[in-house]
Amino acid sequence: MARTRRSRKLQQTLSTIQQRWGPTAIRTAKESAVVPDPPALPTGFRTVDQLLGIGGLPRGRITELIASGTAGQATLAAKTLAQAQRLGQQVAWVDIAHMVDLDFLARCGVRFDALTILRPWDFAHALAMTGDLLRGGGIGALVVDTVADLLPGEENALDIALREWNPVLSRALCALIVLTEVSSADAYPSGLTLPFFASVRLQFQRRNWLYRRNRVVGFTSSVAVLKNRFGPSGRSALIQVRYANGIQTGDD
């Protein structure tokens with residue numbers, strides 16, 4: 001009888017922990033032997049979906065898209081939101097710099113009737129608003145645009161926010177996509193904890209412009225997998241982003 005009471009008490013404790021930190025916070029040794037892949041949102045780039053091995057960006061997790069300048073990272077993020085909307089989900093874009101181009105989002109297939117745009121005063125306000133939105137639920141995918149040139153104290157604020165968001169994302173199965181702007185491919189901001197919290201990290205590098213009759217019609221970028229908890233890292237692939245007839249991909 002004593003053993004049964006302890007087992008029941010332990011089960012209640014474990015249930016409480018999972019309710020607070022998400023269903024994947026605790027696993028038995030048997031369950032951990034085979035960890036199922038999380039549900040994923042297609043990116044609109046088949047080559048990237050195949051590269052990741054699970055068919056897209058993981059839901060309930062953090063994905064970091066890193067690039068210097070225009071390299072396709074925002075296009076992939078926007079097209080992922082459009083895919084989430086096709087599944088009947090609401091999506092959001094945290095516009096930290098107040099520079100989001102609505103025409104660009106529309107050309108990527110994002111519908112405005114299922115889109116919420118947050119316009120924070122500053123980075124700290126962006127973190128607070130994002131946390132409120134995630135805890136409120138109902139969002140299938142969310143883009144934070146953009147993490148770059150953080151001021152003193154903002155790195156610590158981001159670290160605290162990421163720790164708080166992880167269990168919330170797991171429960172809500174929301175795909176959180178963070179765009180990180182770097183000055184060059186080898187100049188990642190020091191002190192950021194995003195590399196630790198992100199389940200998937202992709203780095204974009206524009207390779208060349210695409211021309212038609214001396215007119216720029218798009219560009220080619222390489223996408224390298226820096227981190228992937230659900231498949232091999234270190235792999236890369238080329239994608240094409242075309243301007244003609246709206247934002248397109250070369251492998252659709």
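Basis for what follows: all heavy atoms, side chains included, without hydrogens, waters or symmetry-related copies.
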Measure across Val91 and Leu81 and return the closest heavy-atom pair with its distance rounded to 0.1 Å.
CG1-O, 3.6 Å

Pairwise salt bridge (Lys or Arg N to Asp or Glu O under 4.0 Å) hits with a residue in residues 216-237, at least two apart:
none

Do Thr47 and Leu51 come close enough that some side-chain heavy atom pair is under 4.5 Å?
no

In Å and rounded to the nearest 0.5 Å, what is the OG1 to CG distance from Thr43 to Leu76?
4.5 Å

Run the ring pair (Phe, Tyr, Trp, His ring centres under 6.0 Å) test against Phe219 and tell me which residues pass, sequence neighbours left out.
Trp209

So, for Leu133 and Ala92, which heavy atoms are closest and what is the spacing to 0.1 Å?
CD2-CB, 3.6 Å

Hey, is the main chain of Ala67 close enough, under 3.5 Å, to the side chain of Gln205 for a donor-acceptor pair?
no

Minimum side-chain heavy-atom gap Leu52-Phe230 below 4.5 Å:
no

Rounded distance (nearest 0.5 Å) linking atom CZ of Arg207 with atom CG of Leu238:
7.5 Å

How about Pro232 and Val225: do any of their side-chain heavy atoms sit closer than 4.5 Å?
no

Quick check: do Val241 and Phe45 have side-chain heavy atoms less than 4.5 Å from each other?
yes

Taking atom types as modelled and ignoring hydrogens, do the side chains of Arg201 and Gln203 form a donor-acceptor contact shorter than 3.5 angstrom?
no

Is there any salt bridge (Lys or Arg N to Asp or Glu O under 4.0 Å) pair reaching into residues 124-143, and which pairs are they, with sequence neighbours excluded?
Asp132-Arg135

Does Arg206 use its side chain to pair, donor to acceptor, with the backbone of Thr70 at less than 3.5 Å?
yes

Looking at CG of Asp159 and CZ of Phe196, how far apart are the two atoms once the value is rounded to the nearest 0.5 Å?
9.0 Å

Between Val182 and Pro189, the two heavy atoms sitting closest are CG1-CD, 3.8 Å

Quick one: do Ile117 and Met99 end up in the same hydrophobic cluster if we chain Ile, Leu, Val, Met, Phe, Trp and Tyr together by side-chain heavy atoms under 4.5 Å apart?
no

Within this structure, what is the CG-CD1 distance for the pair Leu194 and Ile62, rounded to the nearest 0.5 Å?
7.0 Å

Name all residues meeting the side-chain contact (heavy atoms from CB on, under 4.5 Å) criterion together with Ser236; count only those two or more places apart in sequence or in a different chain, and write none if there are none.
Ala224

For Asp113, all residues meeting side-chain hydrogen bond (donor to acceptor under 3.5 Å, both in side chains), sequence neighbours excluded
Arg111

Which atom of Pro39 lies closest to which atom of Leu173, heavy atoms considered:
CG-CD2, 4.1 Å

About how many Å separate CG of Leu179 and CG of Leu65, when rounded to the nearest 0.5 Å?
5.5 Å

Give every donor-acceptor pair under 3.5 Å between a side-chain atom in residues 137-155 and any protein atom, sequence neighbours left out.
| residue | atom | partner | partner atom | Å |
| --- | --- | --- | --- | --- |
| Asp145 | OD2 | Trp93 | NE1 | 3.1 |
| Glu154 | OE1 | Leu151 | N | 2.7 |

Atom of Ile177, atom of Ala77 and distance for their closest heavy-atom approach
CG2-CB, 4.2 Å

Filter on side chain to side chain donor-acceptor pair (under 3.5 Å), then keep only pairs touching residues 94-103, sequence neighbours left out; what's left?
Asp95-Arg119, Asp103-Arg107

Please evaluate residues Leu210 and Tyr243 with respect to the criterion side-chain contact (heavy atoms from CB on, under 4.5 Å), reporting the C-alpha separation (whole Å), side-chain torsions for both, the decisive distance (0.1 Å), and the verdict.
CA-CA 10 Å; Leu210 301 176; Tyr243 299 145; over 6 Å; no

Looking at every non-hydrogen atom in both residues, tell me the closest pair between Ser183 and Ser68 and how far apart they are.
O-OG, 3.2 Å

So how far is it from Ile239 CD1 to Gln73 CD, rounded to the nearest 0.5 Å?
9.0 Å

Flag yes if Val94 and Leu41 sit in one hydrophobic cluster, no otherwise; membership is Ile, Leu, Val, Met, Phe, Trp, Tyr, and two members link when side-chain heavy atoms are under 4.5 Å apart.
no

With side chains defined as the heavy atoms from C-beta onward, is the minimum distance between Val178 and Thr63 less than 4.5 Å?
no

side-chain contact (heavy atoms from CB on, under 4.5 Å) between Asn166 and Phe197, intermediate numbers included
CA-CA 8 Å; Asn166 248 344; Phe197 285 102; 3.2 Å; yes

Pairs involving residues 116-165, ordered by first then second residue, that meet ring-ring contact (aromatic ring centres under 6.0 Å, His included) (sequence neighbours left out)
Trp121-His125

Sequence-distant partners of Ser233, side-chain hydrogen bond (donor to acceptor under 3.5 Å, both in side chains), two or more places apart
none

Side chain to side chain donor-acceptor pair (under 3.5 Å) pairs touching residues 80-91, sequence neighbours excluded, are none

Evaluate Leu226 against Val200 for side-chain contact (heavy atoms from CB on, under 4.5 Å), listing each step before the verdict.
CA-CA 8 Å; Leu226 302 184; Val200 170; over 6 Å; no

With Asn228, which residues qualify under side-chain hydrogen bond (donor to acceptor under 3.5 Å, both in side chains), at least two apart?
none

Residue set satisfying side-chain hydrogen bond (donor to acceptor under 3.5 Å, both in side chains) with Thr180, at least two apart, ordered chain then number -> Glu64

Let me see the working for Val110 and Phe104 under side-chain contact (heavy atoms from CB on, under 4.5 Å), right down to the final yes or no.
CA-CA 9 Å; Val110 178; Phe104 160 76; over 6 Å; no

Within the 4.5 Å heavy-atom criterion, are Pro58 and Ile54 side-chain neighbours or not?
yes

